[in-house]
Every structure is written in structure tokens, then in C-alpha cells.
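See structure below.
Worth saying up front: this structure is predicted, and the values here are computed from it rather than measured.
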Amino acid sequence: MKPFQRKLISIAVASTFCALSVPGHAQEAQQTKAEPPPATDDGANAPASDMKVVTVSGSRISTRGFTQPTPTTTLSADDLAKSAEPNVFNTLVELPALQGSTGRTTFTYSTSSGVQGLSSLSLRGLGPIRTLTLLDGQRVIGANVTGVTDISQFPQLLIKRVDVVTGGASASYGSDAIGGVVNFITDKKFVGFKSNLEGGQTTYSDDKNATLQAAWGKAFLDDRLHVVASGEFGRERGIDSAGFGEIGVGGRDWFTNPDLQTRSLAETTDGKPQIRFVHRSQPYQYARYGLITNGPLQGTAFSAAGVPYPYFYGSNGVPTGTGAVTNCINPACVGGDRSGTIQGGSNLAMDLTRKVGYLRAGFNINNDHELYFTANLAKVTSAFSPVPGAIKNANLTIQCDNPYLPASIVAGCAANNITSFQYGTGNGQFPRSINVHPERTQQRFVIGANGKFPLFGVDWSYDTYAEYGRNQTDIAVRDLSLNAHYNAAIDAIRGPDGTIICRNPVAVASGCKPMNIFGNFAPSAEALNYVLPPAGAFQHSVQRQNVVSANMSGELFPTWAGPLSLATGAEYRRESYRVVGDPYGAGVTAETPNNATYPADPLLNATIGNNWFSGNYHNANGAYNVKEAYVELNVPVLKSATWGEGNINLADRRTRYSTSGMVGSWKLGATWTGLDGLRLRAVTSRDVRAPNLSELFAAPVVINGTNLYQGNTLTVQQRTVGNTKLRPEIARNSIFGVVLNQPSWAPGFSASVDYFDIKINGVISTLSSQQLVDLCVAGNQEICSTMLLNSPVPNTNYVTLQAFNLASQYVKGYDIEMAYRANLASLNLPGKLTFRVLATHTISFLVDSGVVGTIPTENAGANRGSTPRWKGMASQSWDTDWGGLTLTERWVSSGVVSNEFIECQTNCPVSTNNHQTIDNNHMAGAFYVDLGGSLKLSKKLTAYFKINNVGNVSPPAAPGIPLGANPALYDLIGREYRVGLRYNY
């Protein structure tokens, strides 16, 4: 295999240099369309007389009659228009194969994860980092340090089609294509003017949105110069936080604060389940305006007016005085006073604003080649609140001489001979909740040439380009407290003149003003500015991407079964990033010095940082480069009127990473087209995902912690850093499929069924400090080299928390796609009917963490995640010359809370760490119906409408996750209405 691969690479490199030195001819490969919409859009459905050169996103081959073995689902511009979404991302995520994507309804509970408001696509539930997103077959600068692309920054009105390749494509396109490829193809030859104006809201009168898009194209200089430009502005105002309490936003009534109450393993010998799936869970470590959580005064809460009262615990709970509550399972009761609940307090949807500009200019030097330039400028901003208040879970110590305490509490302290007590609060007195404001600005410029040239009597096409991309992400977190300032402000005493002041004189000297946290008392402006600085936490990051790529494709020579075709190319890519936080979050360094906005403060940790209530705002930087070359061949092996047609498709790519060295990927596939529209296809490939910038060069964070080692509890430094020794993940991806395309016995019908099997080894994962120590004890020397646990010098033990190639994933299932189109003219009725069904059944999704003592977990059908057993979508469209209607059904199958749970109510087995018992392991599925339509008001003007989730179906309860429902699978927003106008001239 190795000598063969070396020969292939030699051919690839030599061919690439040949392509760069020979003049070419401008020719845009056109997608062959077939009626009806094909189950897989690979050009095989066109009649022989109309066959054109076809470029499909699962392959680099461009040649007549090529049918690729990798399944590809295509959405046309008409499909996207019918969905009538303000962001094309919203349309794509409904495709069954796309699972685990992130958007403005996910990660609304996070302050600094870097994915907030990021519209990124994920295939097979493998995550956006394992799905390669392309624009016109080219890479796009990542929108955060993991390298994933934000498709809301694409020129959406110029998208001609979207190809979703549901199979490994690393041999053709490089790293990250383990789950597949999503390729956005723009209309490069658009002539005229078109615009779109859209607006809408939910049935609850929130998430109001408006979109304005316009595109223009014109040819100049006798059609030699072609310019296309577009601009768009979109605003989705989001759905605000519900704040504290068990209430829904805008009248939504589905939030019930679901939770999993878990007993210890030792208690499960009584035959009862260890875990109870409960609703109306109520944590007992805090209340909205304060709760004493330990000692003789435990159970005393404070009203908004600051009046002490006995807290109403659920489950008939009674405080023990030791921090526990009888009849409740730590850390929550069921029922009781739920006014301080925060689980439903995240935004259901972020406020998202899109501004996108795009320009492409192509100049035909002659009839043989074109020079082109593209510029993509975009800014996407979002805003949301991750949590109401700022919860302190029984971790505050209040002194009994605090002058803000009511007299009855002071008397209670004296009567019980205590000078302090433990306290928890939701800080409901804060006037505003924490609010996060990410802003992403993209600048992307491409200059290139494409065309064709003759060589050895054969026309070869080529495309070569250079790209510069820059993405800047600024995350501002406002109304976020500084921990040391908060602790100083709440620890109050009376000063010599009788006024209330902060106890710590150092804090007083640096501006501390006291704050009352025993009720809903508005802090003074000075106290707020001290505890919640106006500047807030801040993180500024810049990623850069430089790409030089050259590709060529053509037919080597004819054979009796068809032309032997080749595609080859080479690419150089450099990725880099730099992130800088504020000095309070990152620590005071040369990069993040104190300044007028963030002045030096004796109470804050200037060395380590970590002074904010939440989030990671540390500094980091890093870069790597990639050099690679590939070759792909299509070999016809059969062409017979009796036995049909067959071809073999193979590809090989050699890639050298500056951080991890050489890695190879390959693909071997075959297709056979038989009689009457029947086609078989199979492909197996070795695919890779290289470690991204974040995994290689993560921002360092140091905290103190403890670990159990050889029977002793050690105090250690836990050092979180990147790992430059990471290796690429290696996947084996196999697909076997059957395609039926318009057989004689069912004209207008096409269908496909494809079985997929993906195994990924060396999955990059991050483990806890204790898990890493256990792996070292078990003999993993790579991990042992990153820690020191037996130092003779006190306080010098440490554990390095970094990513390792430890885990593995294995997913298998099958995709179904069917389409049927019928012309109603035979029934003397206007228009055409189109039916389309897409469904994905995930048989298994096993994840092995590599952690000692654990077993692989089955994620398929665990509906708190992103991979249901079944995800389906069907549509029925009636289209006429004057308009049409489209009915769409979306379906997610029912599932379980966890496949490792054992459901039982009585006579339960004893729980183990790997198999816990639960009283109710069921999670319901969901079925949604959407309705849309359009009406041509004139030749150029079309009105349209769309209603999503016509039945206003509520999401099922998902215990133990923010919002109490799962936005990765279910619709949390509810019924939506949209109307719009399209103008096309």
C-alpha cells in the first residue's frame, strides 16, 4: 500500500505543477438537474443526450456521466426559498443527517464557551468539528478557535444549492470531513436584481424578526467581465429569559423544572430505584433573596422586604441543622417554594443580528480561462442572558454582627451562641441578570483562476486560488460580579460614625461599598459599580487562515467502458489565533496590563486571574500549518446493455501537519447501474480530523484542587493547558447503498437507502483531574509524564489537564430518501405535485471515554443528547406558475434519559456506577407540522408565508439540563409566523 500511495502522490504533485504552468479555459461546472428531485444529486439522472460535465461535492472528479459512490443530498435555491427562514441554517438543521448542530437556541447558558450565536453544522451527531463546511468548494475561516464555520456569514441570497455529503470525504477535501461535507454553491453568473423582505414573530408575540436581502449581477465588456454582489441585514430579537421561578416565557407553560434525584449507591439495597425522574425540583442551598443553610438557624429565608420566615421546603422536608433536609435527596426537594428556581432562566433564543456583504468579479482573459476575486465581509452579533441573578449555593459565611441582618436573626445568633452561619442566595436583588454579547466579524478574500486547457489531446479543467481569512470575536459579559468584591461588599460592619461600611479596610481603601443581600434591596450605585463593574469581563480573539490551493480534473483517456478520469491537487494552509482577556480574568501580564478601565486592585488575584463570577478569559496564542496533496481516479470497469455500467472511484491524500507530522487518508468506492434505474453504490474511506487550535494551544488556567492517589488525598495544582503532542483522529467510514431512479414502472419516482458505519479512534477528549490520575495509575505513561504526585517538596504536586487521544466513537445506521413528482395536467389540474421524504435511523452511537472503570455508553436514542433513534422530514408541495403550497412534517422518535439506566419501580437490582436504576427512563418524541405558500402578485413580485409548528407542540421534559428541555432535538420556541415579499428582475 505504501509504494502505491507514494506513486499516487507523485502523480498528484506533478500534475498540480503542470496545471499551474498551462493556460486554462473558464468553464463553470454545471449541476445537471433531473425531474423529479433526485434522491442523491450526483448527475446520474440526466438523459444521455443532455449529459454535461458535473461537479458533485463528494468528489473532485468533473467528468461526463460520473456517478459518485458517496451519497449526497441536495437542496436547491427553490427548496431554501420554500422554507422561508431568516437564516439558511434554520433550514439545514432540519435535515435528518444533521444532528448536534449549534445555533442561537443552544448554549444559551454559557458565558465564554465561544459557540454562543454560532450557526455551525454537525453531521451524524459527531459535532461541528467533524463536519467540513465549504463555500464553493473552498475552506472558510473558522468563527472560533475550534475552527468551525458560521454559515450565517455566507451570502444567502446567492446560494444556488447546498450539497450535503453524508460520508467521509477527507481524501478529497482534507481534515474535518469525518462526518461529511456541507458545500454551499453560489450563483456566479447571476444577472439581474433580486431582493427579499421578510418579517415574523411567534404566537407568543416574541422572537420578532426581520430580514432584508438584495443581490445584483451584471455582465460587462461583451460578457467577459461578470460582477455579482449581495448585501443583507437580518435581526431575530430572541426570546428573553423568564428570570427566577417556575414560569414560562410569554405564556409558554411547558417548563416544569424536571430533574433527576439521585441517592448514593450504598442506599440502593432496598429494592427501590436510585434515581427518580421528578418535576418541580427545588434546590435547597439557596433562595431568591437568601436562605440560611446550616446551623441552628437553618431553614430561615428572607422575603423581598427582608423579613425572616420559615422556608417552605418541598417533599415535606425539615432542615436538620447540619445542612441536610429530611425527605429530600441532596441537593433538592420536590415542590415547595420554587420562586428562586433558575433552571428555566436562560434565553430560549438569542437576539441575533446579521450583516453580510459579498462581491464576486470574474474576468475572462479569453475563452480559455477566467480570473476571479471574491470578498465576503460579515458581522454577526448576539445577546442573551445565561442565568438570572448570580447563585451562591450555600457557600457564603455571614457574620452575625452584619448590620443588615434583622434583629430577630441577631438575637437567634446570640441565643444559639454562634457568631456566623452558612448562607445561600440567588442574588435576586441585582437589577439585571448577567448578559453576554458575542460579536463575530469576518473578512475573507479570495483571488483565483479557473478554466480548462488541452493536454495530450484532452481538455483538463483547473481551479487554483489563494485565500486570506480573518475572524475577530469579541465577547463582552456585562453585569458580572467580581468574586472578591462581592465577598467584601456583603461582609459589612458599622463604622466609627455609625454608618455601614465594608469590614475589610483594604477593600474600603480600594472603593468597597456595602451591599444588603437579605431581601430585595436595590444596591447603591456605588456598590453596584464595585461589585458589577461597568466594563465587565472581556475577551478579544483573532483567527487567521491563509490558503493556497490548486486542483485539476480531466479525462486521461477513453476506455471501452468510458473515460478514465483523474482529479489531483495540492494545498497549503496556515491557521493561527491569538486571544486576550481582561486583566481581571486573565491575570495581569504584558498583554493584559492594568489600565484605567481595569485598575490595579489589592483584593484581586493578579497572577492567575479567575476573578469573575463565571467564565474563562485567559490569554493564549498558537499556529500550525498544513501541506497536502491528493489524487482521485474514476475507473470505468463495465458498460453493457445486459450487465449495466460500473465504475470504481478511489482517492488518496497525504497531509503533513507542522504539529503532528504525516497522516494519510484514502477512499475506495464503486457504483453499478443496472437496468431500469437501479444503482448500487459502496464506499469505504480512511478519514482524519486534526487537532484544532483550541486543543493544541488552549489558554492556560491554574487552580488548586485535590486528588486521591495511592489511598491519600493530595493537594495539587490543576494546570489546564493545550497539548501540542496531540495526533489526528482516525476514522474508518463505510457506506453501502441502493438507489432507484425513475424506473419504467414508477416514472417520476426515485429513492435511496444507504447504510453507514463510522469508527473513530484516538478521539481527542478532555478528562477530569481524578480521571487522569487513575489512568496514570493504570499504566498510561503518556499521561503520567504530565503530572507530579510524589514530590518531596511541599505544595509542588501538580496534574496537567489537557486533551489526549483517548476516546473512541462508533456510529452506525441508515439513511432513507425518496422523491416523487407528478404533473397534474393529465388530470386537467394546474401545476405539479412533489413528495419528498428523508429519514435517518441511528442503530448505535457508542462512545468509549477511555476512562478506567467505565464502559462504552450508547448515545443513540438518549434524547437528552443530539442523536435520536429516528429523525425524519417529509414534504408535499403543489407548484404552479402563479404560486404554490408546501406542507412539511418533522419527526423525532421517542427515547430514553440514558441507555445505561435500568428502569424499575420495585425489586430493583443494586445500582452500580455503570448501570444505575431509575423509576422512569422515558422521553417522548415529537411530531411537527409546518405550512408555507407563495403567490405571484406580478411577473416580478411574489408574496409568501410560512407557519412553523402549526400545532404549537411543546417540548418534552428533559431532566438535568438547562431550560428543562433539549433544544438540540426539540422545538422550544413554539408556533412561528412569517410573511415576506420576493422581487426578481
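Residues Asn899 and Ala862 come closest through the heavy atom pair ND2-N, 3.9 Å. Scanning both residues, Phe190 and Ala215, for their nearest heavy atoms gives CE2-O, 3.8 Å. Contact detail for Pro955 and Tyr970: the closest heavy-atom pair is CB-CB, 3.8 Å. Residues Gly117 and Leu352 share a closest heavy-atom pair of O-CD1, 3.9 Å. Counting all heavy atoms, side chain and backbone alike, Leu931 lies closest to Leu887 at CD1-CD1, 4.0 Å. Heavy-atom minimum distance, Trp254 versus Leu972: CZ2-O, 3.7 Å.
A heavy-atom distance below 4.5 Å is not found between the side chains of Tyr985 and Ser195. Inter-residue side-chain proximity for Phe184 and Thr133 is flagged as met; some heavy-atom pair is nearer than 4.5 Å. Using a 4.5 Å heavy-atom cutoff, the side chains of Ile239 and Arg252 are in contact. At a threshold of 4.5 Å between non-hydrogen side-chain atoms, the residues Leu80 and Val162 count as touching. Looking at Leu824 and Thr880, their side chains never come closer than 4.5 Å, going by heavy atoms from C-beta outward. The closest side-chain heavy-atom distance from Thr149 to Phe154 is below 4.5 Å. Put simply, the side chain of Tyr358 does not reach to within 4.5 Å of the side chain of Leu157, judged on heavy atoms. Within the 4.5 Å cutoff, the side chain of Leu95 has heavy atoms near those of the Met873 side chain.
Here Leu132 contributes atom CG and Asp176 contributes atom CG; the two are 6.0 Å apart, rounded to the nearest 0.5 Å. We find the CZ-OG distance between Arg440 and Ser152 to be 8.0 Å, quoted to the nearest 0.5 Å. With rounding to the nearest 0.5 Å, the separation of CG in Asp253 from OG1 in Thr256 is 10.5 Å. Of the inter-residue distances, the one linking Gln442 atom CD with Leu377 atom CG reads 8.5 Å to the nearest 0.5 angstrom. Rounding to the nearest 0.5 Å places CG of Asp150 at 8.0 Å from CG of Asn471. Atom-to-atom distance recorded for Lys832:NZ and Asn823:CG is 5.5 Å, nearest 0.5 angstrom.
The side chain to side chain donor-acceptor pair (under 3.5 Å) test with Thr211 singles out one residue from Arg978, Glu198, Arg354, and that residue is Glu198. Put simply, the residue from Ile816, Leu838, Asp815, Val739 that forms a side chain to side chain contact (heavy atoms under 4.5 Å, CB included) with Ser752 is Val739. When Asn949, Thr203, Asn948, Asp930 are each tested for a side chain to side chain donor-acceptor pair (under 3.5 Å) with Arg975, only one passes: Thr203.
Judged by distance alone, the side chains of Asp163 and Thr72 never bring a donor and an acceptor atom under 3.5 Å apart. Side-chain contact check for Asn144 and Thr146: at least one donor-acceptor pair (N or O, by modelled atom type) lies under 3.5 Å. Side-chain N/O atoms of Ser385 and Asn435 include no donor and acceptor closer than 3.5 Å. Side-chain polar atoms of Arg161 and Ser76 form no donor-acceptor pair below 3.5 angstrom. Counted by atom type alone, Thr131 and Ser122 present zero donor-acceptor pairs between their side chains at under 3.5 Å.
A distance-only check finds a donor-acceptor pair linking the side chain of Glu232 to the backbone of Gln156 [under 3.5 Å]. In this structure, the side chain of Thr202 does not engage the main chain of Gly974 through any donor-acceptor pair within 3.5 Å. A donor-acceptor pair is defined here as one N or O able to donate and one able to accept, closer than 3.5 Å; no such pair exists between the side chain of Asp206 and the backbone of Gly238. In terms of modelled atom types and a separation under 3.5 Å, the side chain of Ser346 and the main chain of Pro386 share a donor-acceptor contact. No side-chain donor-acceptor contact under 3.5 Å links Arg124 to the backbone of Phe756. With hydrogens and angles ignored, the 3.5 Å screen pairs a side-chain donor or acceptor of Gln116 with a backbone N or O of Ser110. Put simply, the side chain of Arg864 gets close to the backbone of Pro959: a donor and an acceptor are under 3.5 Å apart. Put simply, the side chain of Asn966 gets close to the backbone of Gly865: a donor and an acceptor are under 3.5 Å apart. Looking at Arg821, its side chain never comes within 3.5 Å of a backbone N or O of Phe835 through a donor-acceptor pair. For Ser241 (side chain) and Gly243 (main-chain N/O), a donor-acceptor pair under 3.5 Å exists by modelled atom type.
Under the 30°/60° scheme for interplanar angles, the aromatic rings of Trp878 and Trp882 are found to stand perpendicular. Taking the six-membered ring where the residue is Trp, Trp870 and His841 present parallel rings, their angle staying beneath 30° rather than reaching 60°.
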Between Ser844 and Glu858, does a side chain to side chain contact (heavy atoms under 4.5 Å, CB included) hold up when you go through it step by step? CA-CA 7 Å; Ser844 178; Glu858 176 59 78; 2.6 Å; yes
Starting from the C-alpha separation in whole Å, work towards a yes-or-no answer on side chain to side chain contact (heavy atoms under 4.5 Å, CB included) for Arg104 and Ser382. CA-CA 8 Å; Arg104 67 189 188 97; Ser382 51; over 6 Å; no
Evaluation steps, side chain to side chain contact (heavy atoms under 4.5 Å, CB included), between Glu439 and Thr381: CA-CA 4 Å; Glu439 179 180 273; Thr381 60; 3.3 Å; yes
Would you please test Lys946 and Glu976 for side chain to side chain contact (heavy atoms under 4.5 Å, CB included) and show each step? CA-CA 8 Å; Lys946 181 72 181 298; Glu976 299 176 274; over 6 Å; no
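Surrounding CZ of Arg235 are more than 12 heavy atoms belonging to other residues, nucleotides or ligands, all under 6.0 Å away.
Ionic pairing of Lys194 and Asp187 is not present here: no N-O contact between side-chain nitrogen and carboxylate oxygen is shorter than 4.0 angstrom. Salt bridge absent: Lys871 and Glu94 never bring a charged side-chain N and a carboxylate O closer than 4.0 Å.
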